[in-house]
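Side chains included, hydrogens not; waters and symmetry mates left out as well; all remaining heavy atoms used. Proteins come first, then strands; the chains are lettered A, B, ... in the order of their sequence lines, and each starts at number 1. Everything numeric here is computed off the predicted structure, so don't read it as measured data.
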Number of protein chains: 2
Amino acid sequence: MQTTDADGTLAGELSLAVVRFARRLRGRRDNRLVSLTQLSALNTLHVEGPMTPGALAAAERVRPPSMTRVIASLSDLGMIKRDPHPTDGRQAIVTLAPAGVDMITAEAAARKAWLSDRLAELTPDEQATLRDVIGILNKIIAGADD
Amino acid sequence: MQTTDADGTLAGELSLAVVRFARRLRGRRDNRLVSLTQLSALNTLHVEGPMTPGALAAAERVRPPSMTRVIASLSDLGMIKRDPHPTDGRQAIVTLAPAGVDMITAEAAARKAWLSDRLAELTPDEQATLRDVIGILNKIIAGADD
DNA sequence: TATTGTTATACTCTATAACTATA
DNA sequence: TATAGTTATAGAGTATAACAATA
């Protein structure tokens, strides 16, 4: 077993595998009411609580204009609400609405419906590896502050 | 440690982590000459050899019209070439050109330049977990034939 | 008729640049 | 002037539907 990645093989193969997997995730979902991008924003609001559009953009690692559109679409769907910032008129506070909480719950079930079928075909060791990799991926994402 | 995913937690968290990681991969690359989607197609041609557009679409898990566009862009860049099928006038054979091979090599180095920095911050165990997960993700992708 | 591939069209996600409003 | 956010615009990636060419 290697302990370093001097030749970049791990970086390369990991990139391609993740891109293909993400493509499958986006394309294979049954519930088309919200996209995975929208769901990711809802999830962040659920985990971290209400925040400004700028903070949400930073948390999601997208640019503010991109988050503006995500917020607008989720607001149209009634899944979040926008309130004025108490002290700064430029900012706003984005809060998860009850419909947004319901969507998170429903989407978790929808993903389970197909991905869990795939996961069920894996060995317990493989499932454990996937569980471990979630934290590692999040660590890489969080560390990529350049 | 759990050995099943009855509540869908693994499916949900894995989905969100992978989507965010893929977003970072797409946005953070320095070499903008080819996209990760294009690179993935080049890589498949490199690993599996020349094939028809339909076969390449199937291998990449995208629809034929999507692959038509990827092939057109790579052909414009001189990284692949299209030849007539020897026996079936409807089909074509897509082959990796020398410039495509060079691009695969260059891109592997470019990815290494930034992702390896992140990987270097991980423990050997974490790197080994990532190495294991590549095969698991590919297994899931391959199995999702519904 | 069935298959392969392309064209036409549309939608989502993301970005940069320019702008408005507020601090 | 500086900051937060939106609007305008553009480009990549993907899809479905309709079409053309060939089997």
Side-chain angles (χ1 to χ4, degrees), chain A residues 16 18-42 44 50-77 80 82-94, chain B residues 15-16 18-42 44 50-77 80 82-94 141:
Chain A
L16 295 177
V18 166
V19 166
R20 288 182 182 138
F21 188 70
R23 186 186 288 156
R24 291 294 286 171
L25 280 173
R26 287 191 184 279
R28 254 309 144 193
R29 297 181 332 120
D30 287 333
N31 187 333
R32 298 300 182 83
L33 190 53
V34 298
S35 68
L36 282 174
T37 293
Q38 292 171 318
L39 186 64
S40 186
L42 290 177
T44 293
M51 64 182 74
T52 66
L56 189 53
E60 291 294 306
R61 305 270 172 176
V62 297
R63 300 294 181 185
S66 302
M67 188 49 65
T68 293
R69 292 185 53 168
V70 173
I71 289 171
S73 62
L74 288 173
S75 184
D76 287 347
L77 291 167
I80 59 174
R82 289 173 49 102
D83 297 305
H85 191 285
T87 62
D88 188 335
R90 297 170 304 180
Q91 300 187 56
I93 301 293
V94 180
Chain B
S15 298
L16 294 177
V18 165
V19 166
R20 287 180 181 139
F21 188 71
R23 184 188 289 156
R24 291 294 286 172
L25 280 174
R26 286 191 185 278
R28 248 316 140 189
R29 296 180 334 118
D30 288 333
N31 187 333
R32 297 299 182 84
L33 191 53
V34 298
S35 68
L36 282 174
T37 294
Q38 291 171 318
L39 186 64
S40 186
L42 289 178
T44 294
M51 64 182 75
T52 66
L56 190 52
E60 291 294 307
R61 305 273 171 173
V62 299
R63 298 297 181 185
S66 302
M67 187 50 64
T68 292
R69 291 182 54 165
V70 174
I71 288 171
S73 62
L74 289 173
S75 184
D76 287 348
L77 291 168
I80 59 174
R82 290 173 50 102
D83 298 304
H85 191 284
T87 62
D88 188 334
R90 297 171 304 182
Q91 301 188 55
I93 301 294
V94 180
I141 294 165

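Between B:Val34 and B:Gln38, the shortest heavy-atom distance links the atoms CA-OE1, 3.1 Å. Of all the heavy atoms in A:Pro86 and A:Ile93, the pair that sits closest is CD-CG1, 4.5 Å. Here the shortest heavy-atom pairing between A:Ile80 and A:Ile71 reads CD1-O, 3.4 Å.
One interatomic measurement links the two molecules: CZ of B:Arg82 to P of C:dG5, which rounds to 8 Å at whole-angstrom precision. For A:Arg24 and D:dT14, the CZ to P distance is 12 Å, given to the nearest whole Å. Spacing between atom CE of A:Met67 and atom P of D:dG5 amounts to 11 Å, rounded to whole angstrom units. The NE2-C1' distance, from A:His85 to C:dA21, rounds to 15 Å in whole Å. In this structure, B:Glu60 places its CD atom 12 Å from P of D:dG13, rounding to the nearest Å.
Toward the 5' end of DNA chain D, the nearer of the two residues A:Arg90 and A:Ile71, judged by each one's closest nucleotide, is A:Arg90.
Counting non-hydrogen atoms under 4.0 angstrom, A:Ser40 reaches nothing in the nucleic acid. Nucleic acid contact for B:Ala92: sugar-phosphate only, since backbone atoms but no base atoms lie under 4.0 Å from a heavy atom of the residue.
Using modelled atom types and a 3.5 Å distance limit, the side chains of B:Ser66 and A:Arg23 yield no donor-acceptor pair.
Inter-residue side-chain proximity for B:Arg61 and A:Arg20 is flagged as unmet; no heavy-atom pair is nearer than 4.5 Å. A:Thr68 has its side chain out of reach of A:Pro53: every pair of non-hydrogen atoms, C-beta onward, lies at least 4.5 Å apart. The shortest side-chain heavy-atom distance between B:Glu60 and B:Val70 does not fall under the 4.5 Å cut-off. Counting only heavy atoms from C-beta outward, the side chains of A:Thr44 and A:Met51 approach each other to under 4.5 Å.
Of the possible donor and acceptor atoms, one in the side chain of A:Ser73 sits under 3.5 Å from a partner among the backbone N and O of A:Arg69.
Near DNA chain D, meaning a heavy atom under 4.0 Å away, the residues from residues 50-57 of chain A are A:Thr52, A:Pro53, A:Gly54.
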Summarise protein proximity over nucleotides 9-14 of chain C in one line of letters, 5' to 3': B for base, S for sugar-phosphate only, - for none, counting protein heavy atoms closer than 4.0 Å.
-B-SBB
